Amino acid sequence: MTEKKMAMTNAEKQKRYRERQKERGKKEMRGYLSEEALVCYKLIAKQTQWSDSIILSNAVRLTYAAYKKGQIGLLNSWLNDNKF
């Protein structure tokens, strides 16, 4: 006789996926986009064909680069002055 495997539910699949990502050293981040950020997100996604994860990772890396180069104030000023 062969033993039947039970199908995993979507919640179990998602939990397993999140656990594998954590094992790979990745961190899940969640948040809500402002209207301005959503416009920017749509433009970036359309132009680059990047996934949400890549867009978020690059946004954090760019912000960190501005911080390390002493340009975080300049970046923040630009963001405040250039509403979309």
Side-chain angles (χ1 to χ4, degrees):
M1 266 198 250
T2 61
E3 194 174 313
K4 272 191 170 180
K5 284 188 176 183
M6 294 287 290
M8 290 181 15
T9 65
N10 282 340
E12 291 169 329
K13 289 178 188 176
Q14 290 172 0
K15 182 179 178 184
R16 190 171 146 201
Y17 174 78
R18 287 191 301 272
E19 288 170 354
R20 283 195 314 261
Q21 294 299 76
K22 283 182 187 176
E23 289 170 3
R24 293 179 182 152
K26 296 188 177 183
K27 168 137 179 67
E28 181 178 10
M29 296 179 69
R30 295 184 183 190
Y32 295 95
L33 298 178
S34 65
E35 289 180 31
E36 295 91 355
L38 187 55
V39 169
C40 296
Y41 162 80
K42 288 178 181 178
L43 290 170
I44 291 168
K46 183 178 179 183
Q47 284 285 348
T48 63
Q49 301 297 307
W50 289 346
S51 67
D52 290 351
S53 294
I54 292 171
I55 292 171
L56 178 60
S57 292
N58 286 341
V60 170
R61 292 174 63 217
L62 286 167
T63 304
Y64 180 74
Y67 163 75
K68 288 300 281 184
K69 294 293 183 179
Q71 301 298 316
I72 199 75
L74 180 65
L75 176 61
N76 193 48
S77 293
W78 188 91
L79 290 171
N80 289 330
D81 294 344
N82 294 279
K83 303 279 184 192
F84 290 90

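Quantities reported herein were computed from a predicted structural model and do not represent experimental measurements. Quick note: numbers below take in every heavy atom, side chains included, and nothing from hydrogens, waters or symmetry partners.
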> With hydrophobic residues grouped by side-chain heavy-atom distances under 4.5 Å, do I44 and I54 end up in a single group?
Replying inline: yes
>> Using a 3.5 Å distance criterion without hydrogens, assess whether the side chain of N80 forms a donor-acceptor pair with backbone atoms of N76.
In response: yes
>> Measuring from atom OG1 of T9 to atom NZ of K15, what distance do you get when rounded to the nearest 0.5 angstrom?
In response: 10.0 Å
> Nearest 0.5 Å, what's the OG-CE distance between S53 and M29?
Replying inline: 11.0 Å
>> If you define the side chain from C-beta out and look only at heavy atoms, does anything of R61 sit under 4.5 Å from N58?
In response: yes
> Taking the side chain as C-beta and beyond, is there a heavy-atom pair between L38 and K42 under 4.5 Å?
Replying inline: yes
Can you give the donor-acceptor pairs under 3.5 Å from side chains of residues 17-27 to other protein atoms, not counting sequence neighbours?
residue, atom, partner, partner atom, Å
Y17, OH, Q21, NE2, 3.2
Q21, OE1, R24, NH1, 2.9

>> With a 4.5 Å cut-off on side-chain heavy-atom distances among I, L, V, M, F, W and Y, is there a chain of contacts connecting I72 to W78?
In response: yes
> Which residues pass the salt bridge (Lys or Arg N to Asp or Glu O under 4.0 Å) test with R30, sequence neighbours left out?
Replying inline: E28
> Same cluster or not: are L79 and I55 linked, directly or through other Ile, Leu, Val, Met, Phe, Trp or Tyr residues, by side-chain heavy atoms under 4.5 angstrom apart?
Replying inline: no
>> Is any side-chain heavy atom of Y67 closer than 4.5 Å to one of L75?
In response: no
>> For residues Y41 and L56: do they belong to one hydrophobic cluster (side chain heavy atoms under 4.5 Å, members Ile, Leu, Val, Met, Phe, Trp, Tyr)?
In response: no
